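Below you'll find the structure, written out as structure tokens, and then a few comments.
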Number of protein chains: 2
Amino acid sequence: MYTAGMETSERLIESAQALLWERGYVGTSPKAIQERAGAGQGSMYHHFRGKPDLAVAAMRRSAGQLRAQAEEQMARGGTALEKATAYLVRERDALRGCRVGRMAMDPDVVASAQLREPVRETFDWLTGHLAAVLAEGVASGELRPGLDPDDTATMIVAVVQGGYVLARAAGSQEPFDSAVRGAVALLAAQAA
Amino acid sequence: MYTAGMETSERLIESAQALLWERGYVGTSPKAIQERAGAGQGSMYHHFRGKPDLAVAAMRRSAGQLRAQAEEQMARGGTALEKATAYLVRERDALRGCRVGRMAMDPDVVASAQLREPVRETFDWLTGHLAAVLAEGVASGELRPGLDPDDTATMIVAVVQGGYVLARAAGSQEPFDSAVRGAVALLAAQAA
DNA sequence: GTCTATAGGAAGATAGAC
DNA sequence: GTCTATCTTCCTATAGAC
């Protein structure tokens, strides 16, 4: 996993990102991060105060990347329905799960305000952004007047996060795609 | 956590259930299970082959309880819509998460067929049961003819599982309830 | 900045006495 | 059936040399 021509602290962050995604916070050891980064103990503790500090840096990085990705996808659609659908049907490797959402299931992450913050912030932004898109759709007359933008946005994000759970439980991508199809169909029926 | 008047193997299973729910498989040690059960090393390794063996027993137990609970809730409704809604709005402590679904985020569980089996089976049954309920609703003319029972059922289960993720990320029950309200509203619009 | 040495404790299990 | 001892490896650092 050693990547030439990159600073050690960068390599440590990227290694931590990958391992946190694969194994979660509790399941990831500093030693494993170091080995993957091709760095020694000393390097890691020189650049970071410890495991939590490095994990926060890695999670912030992942959160930023996820947000940029989501922003780009939703910008593609024209109407509110298109934007929401674009977020839902974006191609995902469901078996890997969500690198940000997965952290919410980790006991040590949820127990620490520092570790939980990037996760909280990401979903706050995401549901808020989607809610704004849906509210505009209601205001413009594209969507049924009674539609609640906040509840609907939260539901959309929940379908994606829950889809990951079902896919991993089944050991197959299929439940994820099925859940997304179900949500898209129900949303389509909300056109005014 | 010692419960008087119960066999040691029972106490070990119940302790494992509680700890797996709280901390996941990777985050739960045999020692912690033993301490909570008021049992020694020897007892645990006498009744179970090791951590995976005990975890499977605990997960099977939790899966059975969850299924019984879901069965009971869904039996309450009369129409298909009432049954599906009953499943969604059942009272849950969202911050604790789902004791079965949480396991799907654990790397060691997903990597082992033995450990993953109870999780897979539970969601298989749950989505299947909900799909049958919805299919009946379509057949009876209660629900719109074009509604896909499988996709819709999977979406409903995903909303609940994803709701847990959002609630834990936010440190609040609210996102869970919001996602459920969003799903219930969209489902209600599917009446024929 | 990076390396090696060292450390106290936990993880996961085995052995054998009682 | 349960208990204590023992074992090896890993976890998460800290110390200090280079």
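Here is the naming used below: chain letters follow the sequence lines, and residue numbers restart at 1 for every chain. These figures come from a predicted structure and were not determined experimentally.
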note = In short, A/Leu134 meets A/Ala84 closest at the heavy-atom pair CD2-CB, 4.4 Å
inquiry  = Under 4.0 Å, counting only non-hydrogen atoms across every strand here, what does B/Gly42 touch: a base, just sugar-phosphate, or nothing?
reply    = base
key: Spacing between A/Met44 atom CE and D/dT14 atom P, to the nearest angstrom   = 10 Å
ask   = Of all the choices, D/dA5, C/dT2, D/dT2, which nucleotide is nearest to the side chain of B/Gln41 once you look at every atom?
value = D/dA5
remark   = To the nearest angstrom, the CG-P distance between B/Asp53 and C/dA13 comes to 10 Å
note = Rounded to the nearest 0.5 Å, the CZ atom of B/Arg61 sits from the CG atom of B/Leu66 at a distance of 14.5 Å
message = What is the distance, to the nearest angstrom, from the OH atom on B/Tyr45 to the C1' atom on C/dG16?
response = 17 Å
request  = Would you classify B/Thr28 as touching base, sugar-phosphate or nothing, given that sugar-phosphate means primed atoms plus P, OP1 and OP2, and contacts are heavy atoms under 4.0 Å?
outcome  = sugar-phosphate
request  = Would you indicate, yes or no, if D/dT2 has its OP1 or OP2 atom less than 4.0 angstrom from a side-chain nitrogen or oxygen of B/His47?
outcome  = yes
ask   = Is there a side-chain contact between A/Pro107 and B/Glu22 (heavy atoms, below 4.5 Å)?
value = no
ask   = Can a side chain N or O of B/Ser43 be found less than 4.0 Å away from OP1 or OP2 on D/dG1?
value = no
message = Output the rounded distance in Å from CZ (A/Arg49) to C1' (D/dT12).
response = 16 Å
request  = Could you state the atom-to-atom distance from NE2 of A/His46 to C1' of D/dC18 in whole Å?
outcome  = 14 Å
remark   = A/Glu10 atom CD is separated from C/dG1 atom P, nearest whole Å, by 13 Å
ask   = Nearest-Å distance, CD1 (A/Ile33) to P (D/dC10)?
value = 16 Å
request  = State whether B/Lys51 places a side-chain N or O below 4.0 Å from either non-bridging phosphate oxygen (OP1 or OP2) of C/dG12.
outcome  = yes
ask   = Going by atom types only, do B/Gln34 and B/Gln41 share a side-chain donor-acceptor pair under 3.5 Å?
value = yes
request  = Could you check which of D/dT2, D/dT12, C/dT2 has an atom nearest any side-chain atom of A/Ser29?
outcome  = D/dT12
task = Give a yes/no answer on whether the side chain of B/Thr8 brings an N or O atom under 4.0 Å of OP1 or OP2 in D/dG1.
result = no
request  = Kindly point out which of D/dT12, C/dG1, C/dA13 is positioned nearest to the side chain of B/Pro52?
outcome  = C/dA13
key: Short N-O contact, B/Arg181 and B/Asp177, less than 4.0 angstrom   = no
ask   = Please give, in whole Å, the distance from C/dA11 P to B/Asp108 CG?
value = 14 Å
